[in-house]
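We count residues from 1, following the sequence as given. Note: hydrogens, waters and symmetry copies are ignored here, and every other heavy atom, side chains too, is used.
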Amino acid sequence: MSKVRSAPDFVIIFVTLFLLGIGIVMVYSASAVFAQHKFQDPYFFTKRQIIFAILGIVSMYVMMNIDYWVWKKWAKVGFFISLALLVVVLVIGREVNGSKSWLGFGSFGIQPGEFAKFGVAAFLARWLSDNQKNIIYFKKGLFPALIIPVACFGLIMLQPDLGTGSVLMGMAILMIFASGARISHFVGLGMIGVVGFVGLILSAPYRMARITSFLDPWSDPLGSGYQIIQSLYAIGPGGLLGLGLGESRQKFSYLPEPYNDFIFSIISEELGFVGGTLVLLLFLLLLWRGMRIAITAPDLFGNLLALAIIGMIGIQVTINVGVVTGMFPVTGITLPFLSYGGSSLTLMLTQVGILLNISRFSR
């Protein structure tokens with residue numbers, strides 16, 4: 001492995017900071033009305049977003065200068081800490097929007113599920129890089145590799161948090177497939193997975209309601225279909241150029257939490273098709289550069305860790321945009337770098353820092 005550092009990928013740095021800047025502006029635009037009404041401070045959420053963004057940028061810079069193979073050494077410890085946090089949150093966690101997924105310390109809160117995603121990514125990258133020759137076998141390759149993410153997925157579903165669990169499993173499957181697993185194994189497991197997914201939906205009435213509302217949101221416009229309808233009411237009037245920055249109508253208590261999971265709806269309403277397309281193009285540029293780093297990393301651990309990080313971002317963007325445009329059922333997934341959030345934003349920037357460090361050793 002080459003240990004000669006070069007400059008980090010400046011395109012990723014630029015795109016990340018650009019998206020972060022758009023996010024801060026849009027968090028203010030989407031949250032000012034609600035923040036003024038509830039806290040008598042239109043900058044309540046914006047100030048916190050800026051603080052978390054600064055912490056995230058500092059963490060990104062630090063991680064960019066820590067050689068990434070350090071994470072291989074500490075992957076096992078990190079994974080078991082993540083696992084422990086997922087157990088703890090089930091016992092003393094704080095319930096938000098029906099999901100017991102937060103650990104609160106006064107006014108500060110963290111989501112163990114966010115830590116678990118990177119914990120699984122690092123541990124799975126280590127396991128797969130050390131056992132890559134066995135991945136073509138089911139019993140001594142694929143099955144043990146799946147135990148790692150499935151353990152965390154099970155604990156996350158006890159909260160329950162289908163959105164975070166879906167991102168974690170999607171990332172894990174992407175890593176396992178890239179390490180050389182047989183397609184025939186995936187076909188069989190995919191069929192089992194579909195049956196299990198249907199079972200999860202049928203086991204909880206609210207999940208079934210989300211599916212039916214996704215197929216026909218106007219069948220229950222004031223209930224399960226409300227969020228999707230209000231999101232589409234935001235996107236539609238935006239047209240080509242939008243209503244103008246700050247001119248959203250749906251943020252006036254029509255669209256729930258417009259500064260969080262549905263911030264893309266407000267972007268589309270205020271900045272129009274052009275603004276929404278620009279954001280998506282920035283994400284595509286980020287994904288392209290990230291995949292380039294994953295392909296050219298000097299070792300398999302670096303390949304898989306970079307793939308996991310960029311895969312997480314890609315899956316979250318796909319699900320979030322799919323939800324707000326009515327293509328997917330509603331799940332609690334934030335839009336990376338843009339949605340309001342503390343632990344999710346800081347950890348996402350931290351992981352970008354690790355990706356940038358891998359880029360410094362790529363061929």
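- Connection of Ile293 to Tyr61 is established within a shared hydrophobic cluster, with ILVMFWY side chains joined at heavy-atom distances below 4.5 Å, either directly or through further cluster members.
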side-chain contact (heavy atoms from CB on, under 4.5 Å) assessment of Ile57 paired with Leu17: CA-CA 9 Å; Ile57 291 171; Leu17 295 179; 4.0 Å; yes
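- Going from atom CG of Leu338 over to atom CD of Gln49 covers 9.0 Å, rounded to the nearest 0.5 Å.
- Scanning all heavy atoms of the two residues, the minimum distance from Val167 to Gln316 falls at CG2-CG, 3.7 Å.
- Across all their heavy atoms, Met312 and Ala121 have their closest contact at CE-CB, 4.4 Å.
- The closest side-chain heavy-atom distance from Leu300 to Asn303 is below 4.5 Å.
- Ring geometry for Tyr28 against Tyr43 counts as parallel: the plane angle stays under 30°, on a 0 to 90° scale with 60° as the upper cut.
- For the atom pair CD1 of Ile24 and OG1 of Thr46, the computed distance is 9.0 Å after rounding to the nearest 0.5 Å.
- A pairwise comparison of heavy atoms in Gly113 and Thr164 identifies O-CG2, 3.9 Å as the closest pair.
- Clustering ILVMFWY residues whenever any of their side-chain heavy atoms sit less than 4.5 angstrom apart, transitively, puts Ile51 in the very cluster that holds Leu20.
- Follow the hydrophobic side-chain contacts under 4.5 Å out from Ile66 and you reach Leu347 in the same cluster.
- No side-chain heavy atom of Phe118 sits less than 4.5 Å from a side-chain heavy atom of Ser82.
- Across every non-hydrogen atom of Leu355 and Ala306, the tightest pair is CD1-CB, 3.6 Å.
- Without hydrogens or angle criteria, Thr334 side chain to Ser339 main chain gives no donor-acceptor distance under 3.5 Å.
- Using a distance-only test at 3.5 Å, with no hydrogens or angles considered, a donor-acceptor pair links the side chain of Glu270 to the main chain of Gly246.
- Taking each heavy atom of Pro256 and Phe262 in turn, the nearest pair found is O-CD1, 4.1 Å.
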Evaluation steps, side-chain contact (heavy atoms from CB on, under 4.5 Å), between Leu280 and Phe264: CA-CA 10 Å; Leu280 294 180; Phe264 189 76; 4.1 Å; yes
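- Asp261 places none of its side-chain heavy atoms less than 4.5 Å from the side chain of Val323.
- Ring geometry, Phe301 versus Tyr68: the interplanar angle falls under 30°, so the pair is classed parallel (tilted spans 30 to 60°).
- Residues Val87 and Leu168 are members of one and the same hydrophobic cluster, defined by side-chain heavy-atom contacts under 4.5 angstrom among Ile, Leu, Val, Met, Phe, Trp and Tyr.
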side-chain contact (heavy atoms from CB on, under 4.5 Å) evaluation trace for Leu240 with Val274: CA-CA 6 Å; Leu240 182 63; Val274 172; 4.0 Å; yes
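- For the pair Met291 and Leu307, the minimum side-chain heavy-atom distance is below 4.5 Å.
- Proximity of Leu335 to Val317: side-chain heavy atoms (C-beta onward) are separated by under 4.5 Å at one or more points.
- Contact between Thr16 and Ile12 at its shortest, heavy atoms only, is OG1-O, 2.7 Å.
- For the pair Arg48 and Phe52, the cation-pi criterion (under 6.0 Å, within 45° of the ring axis) is not fulfilled.
- Of the inter-residue distances, the one linking Leu174 atom CG with Ser179 atom OG reads 10.0 Å to the nearest 0.5 angstrom.
- Side chain of Gln227 to main chain of Leu255: no donor-acceptor pair is present (N/O by atom type, distance under 3.5 Å, no hydrogens or angles).
- Ring geometry for Tyr259 against Phe34 counts as parallel: the plane angle stays under 30°, on a 0 to 90° scale with 60° as the upper cut.
- Qualifying ring-ring contact (aromatic ring centres under 6.0 Å, His included) partners for Phe14, counting only residues two or more places apart in sequence or in other chains: Phe18.
- Glu114 places no side-chain N or O within donor-acceptor distance of the main-chain N or O of Ser344, the cut-off being under 3.5 Å.
- Here Ile176 contributes atom CD1 and Leu146 contributes atom CG; the two are 4.0 Å apart, rounded to the nearest 0.5 Å.
- Between Pro112 and Val88, the closest side-chain pair of non-hydrogen atoms is not below 4.5 Å.
- Between Phe45 and Tyr340, the ring planes are perpendicular. Angles over 60° get that label, and only those under 30° would be called parallel.
- The CG atom of Leu19 sits 11.5 Å away from the CE atom of Met348 when rounded to the nearest 0.5 Å.
- With Asn320 contributing its side chain and Ile333 its backbone, the two residues share a donor-acceptor pair below 3.5 Å.
- Using a 4.5 Å cut-off on side-chain heavy atoms (C-beta onward), Lys72 and Ser129 make contact.
- Side-chain atoms of Gln250 and Ser265 include no donor-acceptor pair closer than 3.5 Å.
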side-chain contact (heavy atoms from CB on, under 4.5 Å) between Val150 and Met169, worked out: CA-CA 7 Å; Val150 166; Met169 285 305 300; 4.1 Å; yes
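- Atom NZ of Lys117 sits about 9.5 Å away from atom CD1 of Ile315, to the nearest 0.5 Å.
- Under the 4.5 Å side-chain heavy-atom criterion for Ile, Leu, Val, Met, Phe, Trp and Tyr, Phe115 and Phe80 are members of the same hydrophobic cluster.
- Formation of a donor-acceptor pair under 3.5 Å by the Asn131 side chain with backbone atoms of Asn134 is not found in this model.
- The neighbour count for Phe44 CZ, taken as heavy atoms of other residues, nucleotides or ligands under 6.0 Å away, is above 12.
- For the pair Ser29 (side chain) and Met26 (backbone), a donor-acceptor distance under 3.5 Å is absent.
- Open room surrounds CD1 on Ile183; 12 or fewer heavy atoms of other groups in view lie less than 6.0 Å from it.
- For Trp71, the CH2 atom counts as loosely surrounded, since its 6.0 Å shell holds 12 or fewer non-hydrogen atoms of other residues, nucleotides or ligands.
- Under the 3.5 Å distance criterion, the side-chain polar atoms of Thr350 are matched with a main-chain donor or acceptor of Thr346.
- Within a 6.0 Å sphere centred on OH of Tyr233, other residues, nucleotides and ligands contribute 12 heavy atoms or fewer.
- Judged by distance alone, with hydrogens and angles left aside, the side-chain atoms of Arg360 form no donor-acceptor pair with the main-chain N or O of Ala7 at under 3.5 Å.
- Side-chain contact between Met175 and Leu128 is present, with heavy atoms from C-beta onward closer than 4.5 Å.
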